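Below, all heavy atoms of this structure are taken into account, side chains as well, without hydrogens, waters or symmetry copies. As the structure is a prediction and not an experimental result, all values here were calculated from the model. Residue numbers start from 1 in every chain, and the chains themselves are labelled A, B, ... in the order their sequence lines are given, proteins ahead of strands.
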Amino acid sequence: MNERSEDRNDFFEKVWEVVAEIPFGKVTTYGHIAEHIGVKSAARTVGWALSAAAGSNLPAHRVVNRFGALSGKMHFSTPTVMEERLRSEGVAFDQDGCVRLDLHLWIPGEGA
DNA sequence: ATGTTGACATTGA
DNA sequence: TTCAATGCCAACA
């Protein structure tokens with residue numbers, strides 16, 4: 001019943017599910033999440049799902065864009081909580097303030 | 001109801 | 001190489 005409705009909700013649900021699977025001290029990108037979900041081209045919508053998850057228990061701070069930049073830091077309680085939190089997890093940052101994806105990039109399904 | 005924006009990514013010119 | 005346009009899904013005005 002209302003399978004369509006579930007589908008709509010399913011997108012967010014999948015995003016949350018993947019984000020919740022991100023291991024400590026690791027980060028992933030919107031594209032990888034979207035790709036794992038099945039809607040590879042919907043990386044933007046993933047960001048929307050995270051905005052909805054900003055008030056959830058999901059480690060949305062572990063999700064960054066393809067450049068490793070903390071694009072959504074401004075959506076947190078404070079624009080500094082994201083970087084501080086990642087640093088607190090042992091995540092290394094680049095001189096540009098971007099996360100070292102080369103060191104902490106985690107892909108959904110890889111760590112499962 | 002329609003159009004625009006939004007925490008992005010990819011491809012084309 | 002760099003710039004611009006497009007695609008995706010959902011929420012907001």
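Although no hydrogens or angles enter the test, the distance criterion places no donor-acceptor pair under 3.5 Å between the side chain of A:R100 and the main chain of A:A92. Side-chain atoms of A:H104 come within 3.5 Å of backbone atoms of A:G25 as a donor-acceptor pair (strictly under, hydrogens ignored). A distance-only check finds a donor-acceptor pair linking the side chain of A:N65 to the backbone of A:F67 [under 3.5 Å].
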Q. Reading nucleotides 4-10 of chain B from the 5' end, what letters show protein touch, with B for base, S for backbone sugar-phosphate only, - for no heavy atom under 4.0 Å?
A. --BBBSS

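A 3.5 Å limit on both hydrogen-bonding distances identifies no Watson-Crick or G-U partner for B:dA7. Base pairing of B:dG12 is made with C:dC3, judged by Watson-Crick or G-U wobble geometry with both donor-acceptor distances under 3.5 Å.
Rounded to whole Å, the P atom of C:dC3 lies 22 Å from the corresponding atom of B:dA7. Distance noted for atom P between C:dA5 and B:dT4: 15 Å (whole Å).
Contact record, A:V64 with A:A69: CB-O, 3.6 Å, taken as the closest heavy-atom pair.
Cluster annotation: A:Y30 is connected to A:W106 through the hydrophobic network of ILVMFWY side chains, with a link wherever side-chain heavy atoms come within less than 4.5 Å.
In this structure, the separation between OG1 on A:T28 and CD on A:E35 is 10.0 Å, given to the nearest 0.5 Å.
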